[in-house]
Amino acid sequence: MKENNYFQKVYDLTRKIPAGKVTTYGIIATYLELGSARMVGWALNKSFSADNPVPAHRVVNRNGELTGRNHFPAPGMMQKLLESEGIKIEDNKIVDFKKKLWYP
DNA sequence: TAGTTGACGACGG
DNA sequence: TCCGTCGCCAACT
């Protein structure tokens, strides 16, 4: 049952991100017309309490930095998951970020 | 009820 | 080019 809550939209969009791709808070915020990228981060923060798992590790900030990894159960989990999907991480940043970037 | 916080982004100096 | 500040809007205390 989908609700029109804005975090539900974020969850839904985030789940649509294909493996091996990533997107940014700004893109999601703009696409969903949230008005501010902070809302996206907040929604994902609550995603840990959501029933459905959300691949929040595929969402990074506009620099391609894994700023959200500190909010994961394990700090290294985010990088590990991304590497498992073929995304290389270097110094907490995504290598070839532009190539890995996914647009809704 | 009001104030503060927050996984960010854009702009100015 | 790098650092600092302001703005977004909703949720939490």
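Lettering follows sequence order; numbering is per chain, from 1. Source: prediction; values computed, not measured.
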Can you check the A:Y11 OH to B:dA7 P distance for me, whole Å?
14 Å

Give the rounded distance in Å between these two atoms: CZ of A:R62 and C1' of B:dG9.
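After rounding, the reported distance stands at 8 Å.
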
Search all heavy atoms of [X] against all heavy atoms of [Y] and return the closest pair with its distance.
| X | Y | value |
| --- | --- | --- |
| A:W102 | A:K16 | CZ2-O, 3.8 Å |
| A:A43 | A:F7 | CB-CB, 3.3 Å |
| A:P55 | A:T14 | CG-O, 3.3 Å |
| A:L13 | A:Y31 | CD2-CD2, 3.9 Å |

Side-chain N,O (A:T67) to OP1/OP2 (B:dC8) below 4.0 Å
yes

I need the residues from residues 35-47 of chain A with at least one non-hydrogen atom less than 4.0 Å from DNA chain B; give them sorted by number, or say none.
A:A37, A:R38, A:M39, A:G41, A:W42, A:L44, A:N45, A:S47

Going by heavy atoms closer than 4.0 Å, what residues in residues 71-93 of chain A are next to DNA chain B?
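Hits under 4.0 Å, by residue number: A:H71, A:F72.
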
Do A:V59 and A:L82 share a hydrophobic cluster (ILVMFWY, side-chain heavy atoms under 4.5 Å, transitive)?
no

Joint cluster assignment, A:I89 & A:I17, ILVMFWY side-chain distance < 4.5 Å:
no

Please name the nucleotide paired to C:dG7 by Watson-Crick or G-U wobble geometry with both distances under 3.5 Å, or report none.
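Pairing partner: B:dC8.
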
Check step by step if side chain to side chain contact (heavy atoms under 4.5 Å, CB included) holds for A:H71 and A:N45.
CA-CA 7 Å; A:H71 289 260; A:N45 182 278; 3.4 Å; yes

Which nucleotide span of DNA chain C, 5' end to 3' end, has atoms closer than 4.0 Å to non-hydrogen atoms of chain A?
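Footprint of chain A along DNA chain C, 5' to 3': C:dG7 to C:dA11.
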
A:R62 vs A:Y25, test: side chain to side chain contact (heavy atoms under 4.5 Å, CB included). Steps then yes/no.
CA-CA 7 Å; A:R62 74 152 206 108; A:Y25 302 100; over 6 Å; no

Any salt bridge between A:E85 and A:K21, counting N to O under 4.0 Å?
no

May I have the step-by-step check of side chain to side chain contact (heavy atoms under 4.5 Å, CB included) for A:V60 and A:T67, ending in yes or no?
CA-CA 7 Å; A:V60 296; A:T67 54; 5.9 Å; no

